[in-house]
Amino acid sequence: MSKKVLILSGSPRKGGNSDLLCDEFLRGAQETGNEVEKIFLRSKKVAPCNACYFCKKDGKCAIQDDMGEILDKMQAADVIVMASPVYFYSIDAQMKAVIDRSVARWMDIPNKEFYYIMTAAEESETVMDCTLACFRGFAACLKGAKEKGVIYGKGVYEAGAIKGMPAMREAYEMGKGV
Ligand SMILES: Cc1cc2nc3c(=O)[nH]c(=O)nc-3n(C[C@H](O)[C@H](O)[C@H](O)COP(=O)(O)O)c2cc1C
């Protein structure tokens with residue numbers, strides 16, 4: 001069955017390591033007939049949440065930027081892929097803004113399948129623990145969220161260093177299997 005797949009590429013580096021892994025995931029998912037869209041978050045305007053709770057009224061945010069469109073796409077998707085580089089053992093600001101701004105409609109994003117993609121310079125076992133916990137913490141708030149896979153792109157610092165590494169193949173295969 002064909003699925004609607006939304007990839008949120010959080011790195012500010014277009015063609016960076018996590019973005020390349022997103023492209024491989026996308027390639028795999030498209031090859032198996034899914035409808036796939038990647039959003040490069042840096043190209044969107046998403047301000048941080050102001051916690052004004054204007055959204056409590058009807059789910060509309062007081063901030064008029066691109067987050068409304070991103071939330072529409074998250075709602076419509078069957079599968080959501082979230083990708084971020086490890087920044088100080090956490091996620092990056094682009095991804096965090098999207099997660100926080102989903103407060104406007106987080107209860108309207110039920111039953112999604114989630115995949116996570118992470119990249120980091122270090123290779124230690126624990127380098128991605130907090131980053132993964134951030135993704136999992138978000139999904140834990142959403143009704144019926146199911147974690148389906150995680151890609152760990154470790155030991156990559158310069159943009160493009162991920163090319164030729166096993167994680168690229170893993171992302172492609174994971175995409176094929178959505
Ligand atoms: C602000 C910043 C913070 C970073 N923090 C970490 C870190 O805590 N641990 C680590 O291993 N790499 C860290 N890195 C390196 C990136 O995670 C690494 O270069 C990664 O491959 C970037 O992914 P990208 O190419 O998708 O942007 C940091 C890089 C930046 C710019």
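Bear in mind that the values here come from a model prediction, so they are computed numbers and not experimental data. Ligands are counted one by one from 1 in listed order, and the atoms in each one are counted from 1 as well. Values below: all heavy atoms of this structure, side chains included; hydrogens, waters and symmetry mates excluded.
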Which residue and non-hydrogen atom of the protein lie closest to [atom], and at what distance in Å?
atom                    : result
atom 23 (O) of ligand 1 : T119 OG1, 2.9 Å
atom 14 (N) of ligand 1 : V86 O, 3.4 Å
atom 27 (O) of ligand 1 : S11 OG, 2.6 Å
atom 9 (N) of ligand 1  : E122 OE2, 3.3 Å
atom 12 (N) of ligand 1 : A121 N, 3.3 Å
atom 20 (C) of ligand 1 : V156 O, 3.5 Å

Does [X], backbone or side chain, put an N or O under 3.5 Å from an N or O of ligand 1?
X   : result
S18 : yes
P85 : no
F88 : yes

Check your understanding: Is it the side chain, the backbone, both or neither of V127 that has a heavy atom closer than 4.0 Å to ligand 1?
Key -> side chain

Point to revise | Row check, F40 ring normal vs K14 NZ/CZ: under 6.0 Å, within 45° | key: yes

Check your understanding: Looking only at atom types and distance, does a side-chain atom of D92 sit under 3.5 Å from a main-chain N or O of S84, one as donor and one as acceptor?
Key -> no

Check your understanding: Are S11 and D19 close enough that a side-chain donor and a side-chain acceptor fall under 3.5 Å?
Key -> no

Check your understanding: Do the side-chain N and O atoms of E170 and Y152 include a donor-acceptor pair separated by under 3.5 angstrom?
Key -> no

Practice item. With atom 19 (O) of ligand 1 as the reference point, say which of Y87, Y89, Y157 has the nearest heavy atom. Key: Y157

Point to revise | Verdict with supporting geometry, Y115 and E147, side-chain hydrogen bond (donor to acceptor under 3.5 Å, both in side chains) | key: CA-CA 6 Å; Y115 293 84; E147 182 177 315; over 6 Å; no

Check your understanding: Could you state the interatomic distance from CE (M82) to SG (C134), rounded to the nearest 0.5 Å?
Key -> 10.0 Å

Review point. Any Lys/Arg nitrogen of K4 or E37 sitting under 4.0 Å from an Asp/Glu carboxylate oxygen of the other?
Key: no

Review point. Any salt bridge between E113 and K3, counting N to O under 4.0 Å?
Key: yes

